Amino acid sequence: MAGVEEIEYIHVRIPLKTPFETSFGRFTHRESLIVRVRAGDFEGYGEIPVDQGPWYSCETVATALHISLDHISKALLGLEPTGLEDVTAALAGIRGHRMAKAGHEMAIADLLARERGIPLYRLIGGARREVEVGVSIGVIGDARELVRQVSRFLDEGYRRVKIKIKPGWDVEAVKLLRREFGDIPLQVDANASYSYRRHREVLLELDGYGLLMIEQPFHYDDLAEHAAMQRELKTPICLDESVKGLQDAMAAIEMGSCRVINVKPCRVGGLLETKAINDYAKGRGVPIWIGGMLESGIGRAHLVAAATLDNVGYPCDISSSSRYFEEDVVEPPWTAEKGIMRPLERPGIGVEVLEEGLRRYCVRRYVVRRW
Ligand SMILES: [Mg+2]
């Protein structure tokens, strides 16, 4: 491949159709940094789905811009990668900042796949042609509205329902859904809002509802309390925030802190690390699934590719673009049909990025070039 000549960062702010609430707060827009890398006749797209503040992740729009402009771009300009390993090696001197690194690695993955004329999922060794997807519902706090939303998503064919919980909105919500919808595939995500000491009883109670999994109940860095809780639960614990890379995944699995891992490629540093976790977990009999961060259609393309990996054993959090956005920045928008999404059989991410869409939502744009 020709050397990387130019990297462009487009900070976008895309309005959400309806506000999304988690234990971190209520969001009306998706902030993101779109990364566009150019080399020779090709370009590739990645996304760094950071928030304005350090909520889900310690990385923010400002930290991602700083690390990208001052460090990552310097390490990548002029690089002639022949595979994603070369990107990892070039960025090895930069500690942490995995989301910022992942956005660049994904852009180069797209570029490499386009150059080779193959779909992105094949570049990373994906094994499936279709991906089962589920829907994630924020903390609603209103029983009737929750039932209305779940009913609509089940009608749309989503393969499982995940609801966000936080102390005070948990057992009652689950009980309600079991009463209304019976034995649907259902799971909950606490986004680290509980503690073993204060909420053990709540989790033991949730254990009686046949949930597919309970996601990240405890601290975002914890493995020990999750291991203690997992020993007391029939329901698998799924770790999300606690797994920031392969090392964490290995520790979590070996300590018995979880029986499932939600891998967000941006959280673990990219597609290669996602594959490494996929392979390690597979060897230990622990399934993974791919989670999302309300990415635009660009980040979503990378999620779909990751979800084709062979150890993905549950429906993934990758819903249709129309679930969150009036208009996506890609064409065609990502659409799940009867709970199935398919990677496009076209080079790279497969979707066309709409310049007009990027411009419409652009807050600021930065370009760095090789001299
Ligand atoms: Mg989660």
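Keep in mind that this is a model prediction, so the values were computed, not measured.
Each of E241, E215, Q216 was compared with N191 under the side-chain hydrogen bond (donor to acceptor under 3.5 Å, both in side chains) criterion, and only E241 meets it. None of K264, K162, K164 except one satisfies the salt bridge (charged side-chain N to carboxylate O under 4.0 Å, His left out) rule with D240; the exception is K264.
F27 meets the ring pair (Phe, Tyr, Trp, His ring centres under 6.0 Å) test with W55; sequence neighbours excluded. The side chain to side chain contact (heavy atoms under 4.5 Å, CB included) test applied to D170 returns I165, Y194, V202, not counting sequence neighbours. Every residue two or more places apart in sequence or in another chain was checked for a ring pair (Phe, Tyr, Trp, His ring centres under 6.0 Å) with F325, and none qualifies. Under the rule for a side chain to side chain donor-acceptor pair (under 3.5 Å), D142 has no partner lying at least two apart in sequence or in another chain. Under the rule for a side chain to side chain donor-acceptor pair (under 3.5 Å), the partners of K282 that lie at least two apart in sequence or sit in another chain are D310. By the ring pair (Phe, Tyr, Trp, His ring centres under 6.0 Å) test, Y9 is found to be paired with H104, residues two or more places apart in sequence or in another chain being considered. Looking at residues two or more places apart in sequence or on another chain, you find a ring pair (Phe, Tyr, Trp, His ring centres under 6.0 Å) between H71 and H66. E132 is linked by a salt bridge (charged side-chain N to carboxylate O under 4.0 Å, His left out) to R159, counting only residues two or more places apart in sequence or in another chain. Under the rule for a salt bridge (charged side-chain N to carboxylate O under 4.0 Å, His left out), E331 has no partner lying at least two apart in sequence or in another chain.
Sorted by first and then second residue, the side-chain hydrogen bond (donor to acceptor under 3.5 Å, both in side chains) pairs with a member in residues 243-258 read D221-K244, E254-Y280, E254-R284; sequence neighbours excluded. Residue pairs meeting the salt bridge (charged side-chain N to carboxylate O under 4.0 Å, His left out) criterion with at least one partner in residues 361-371, sequence neighbours excluded, are E6-R369, E8-R365. Listed by first then second residue, pairs satisfying side-chain hydrogen bond (donor to acceptor under 3.5 Å, both in side chains) with a partner in residues 81-91 read T82-D86, not counting sequence neighbours.
Side-chain atoms of R129 and Y121 form a donor-acceptor pair, as typed in the model, at a separation below 3.5 Å.
Both tests hold for R160 against W289: distance to the six-membered ring centre under 6.0 Å, angle to the ring axis within 45°.
Minimum heavy-atom separation, A102 to P265: CB-O, 3.9 Å.
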Step-by-step side chain to side chain contact (heavy atoms under 4.5 Å, CB included) determination, L176 to F181 | CA-CA 8 Å; L176 173 72; F181 302 102; over 6 Å; no
